[in-house]
Structures are given as structure tokens and as C-alpha cells.
Amino acid sequence: RGRDLGSFVEETQAKVAARELAAERERLAVTLSAMAEGVVTTDAEGKVRFINKAACVITGWSSDASTGRRIEDVCSLRHEKTGAVIATPIAAALSATRVVDLPPQTTLLRRSGGRVLVEGCCAPIRDAEGKGIGAVLVLRDVTERSRLEAELQRASKLESVGILAGGIAHDFNNIL
């Protein structure tokens, strides 16, 4: 009878642990799907294990099509000006055991062929013993922000030229 009670307690504890784990997974899934930033997780070999909705929009890849593929296929990164290939920082994050930022002026080639300017970082995922078991890449589409900043800078330059031209015209009128 004591053995039956012990089995019952263990089974109950296992059920409680399973429910808590399921609830935690659900919280994580809801959080990741609600984020505006793209989140892609990989295993230690760099194969995509998870991609949230925002990352699907940024990359042009669906969750089903990207899962199991190499991160380089899903997130093909290039330098904005030179077009040089930028390696995804998964290996760097795993070896450095720290967060690694994407270099400035990084563009991502979308599955459809278009390009988006992105900012982001990559962080290692470690198991309980500290061994690298994967990485998480967080991406943010900054194309529109960059366009607005360039437009603002251009407007500021035009304003400066206008002020300079007004000053020159005023000086020229004074001479006349």
C-alpha cells in the first residue's frame, strides 16, 4: 500500500511538472509571436528550429519552410553598400559566449529577392552545464527609419543651403 501511495505521489508530481512546463511554453510562444522584432532560434549546427511571425515577415520565409534549413539560407546577410556577404554571427556568439551585434549597414535578402536594412544581435543558448546548444538571432527592420533619417538629413542640408543663399543675396543687395 505504501508503494502505491509513493507511485501516486510521483505520478502527481510528474503531471504537475508537465502542466507547468506546458504553461511556460505557451507563455513563451505568445510572447515571441507578439514581438515586433524578428526572432529566429537555431541549434548548435545553425539549423533553424523556430521563427516568429515578425521574422517571417522580415525574411519572407514561412515557419514551415524555414524550420530545419541553415540560418544562412533563411537570413542571407549582405553589406548595404558593398554587397559583401556577412556571416550570421551564430558561431561567433557560441564561441564568444556573449551577445554579438550585427555590423552597421547590414541588409537581409528576402526570399522574394527584395532587400531590407536590418539591425540585430545574436546570443548563445546554453544548457544546464553551460554547453552551447544553439543561438537566438533577433532582427529589426530599420529600412523605413533609415529612409526617414536620410530624408531629414537632406531637408536639413537644403535648409542650410537656403540660409546660405539668402545671406549671399542679402550681401549682394547691400553691394548694389
Q: Apply side chain to side chain contact (heavy atoms under 4.5 Å, CB included) to the pair Thr41 and Val48, showing each step before the final yes or no.
A: CA-CA 6 Å; Thr41 61; Val48 174; over 6 Å; no
**Q.** Test log, rule side chain to side chain contact (heavy atoms under 4.5 Å, CB included), inputs Arg49 and Lys47
**A.** CA-CA 6 Å; Arg49 292 292 164 226; Lys47 289 191 177 152; 4.1 Å; yes
Q. When you measure from the side chain of Ser66 to the backbone N and O of Val74, does any donor-acceptor pair fall under 3.5 Å?
A. no
Q: Check the hydrophobic clustering (I, L, V, M, F, W, Y; side-chain heavy atoms under 4.5 Å; chains of links allowed) and say if Ile58 and Leu109 are grouped together.
A: no
Q: Please assess Val142 against Val118 for the test side chain to side chain contact (heavy atoms under 4.5 Å, CB included), listing each intermediate value before the final yes or no.
A: CA-CA 5 Å; Val142 294; Val118 292; 5.6 Å; no
**Q.** Donor-acceptor pair, side chain of Thr107 and main chain of Arg78, under 3.5 angstrom
**A.** yes
**Q.** Positive for side chain to side chain contact (heavy atoms under 4.5 Å, CB included) with Pro89, one of Cys122, Cys121, Pro103
**A.** Cys122
Q. Any side-chain heavy atom of Leu77 within less than 4.5 Å of one from Val85?
A. no
Q. Closest heavy-atom contact between Cys75 and Leu139?
A. SG-CD1, 4.0 Å
**Q.** Residue pair Lys81 / His79: nearest heavy atoms and the distance that separates them
**A.** N-ND1, 3.1 Å
(Q) Test side chain to side chain contact (heavy atoms under 4.5 Å, CB included) on Val39 and Val136; report intermediate values, then the result. (A) CA-CA 7 Å; Val39 178; Val136 60; 3.6 Å; yes
Q. Is Arg110 reaching over with its side chain to a backbone N or O of Val57, donor-acceptor style, under 3.5 angstrom?
A. yes
Q: Rounded to the nearest 0.5 Å, what's the gap from CD1 on Ile71 to CD1 on Ile90? Could you check?
A: 5.0 Å
(Q) I need the minimum non-hydrogen distance between Leu94 and Gly132, along with the two atoms involved. (A) CD2-CA, 3.8 Å
Q) In this structure, which one of Asp141, Val116, Ile51 forms a side chain to side chain contact (heavy atoms under 4.5 Å, CB included) with Thr59? A) Ile51
Q) How long is the span from the OG1 atom in Thr42 to the CZ atom in Arg70, to the nearest 0.5 Å? A) 12.0 Å
(Q) When you measure from the side chain of Thr143 to the backbone of Leu117, do you find a donor-acceptor pair of N or O atoms at a distance under 3.5 Å? (A) yes
Q.
Run the side-chain contact (heavy atoms from CB on, under 4.5 Å) test against Ala54 and tell me which residues pass, sequence neighbours left out.
A. Asn52
Q) Which pair of heavy atoms, one from Leu102 and one from Glu119, lies closest together, and at what distance? A) CD1-C, 4.1 Å
**Q.** Transitive ILVMFWY side-chain link Ile125 to Phe50, under 4.5 Å
**A.** yes
Q) Is it true that Leu137 and Trp61 fall in one hydrophobic cluster, defined by side-chain heavy atoms closer than 4.5 Å? A) yes
Q: Please check if any side-chain donor atom of Asp64 sits under 3.5 Å from a side-chain acceptor atom of Ser62, or the reverse.
A: no
Q: Using atom types as modelled and distance alone, determine if a side-chain donor or acceptor of Ser95 lies under 3.5 Å from a backbone N or O of Ala92.
A: yes
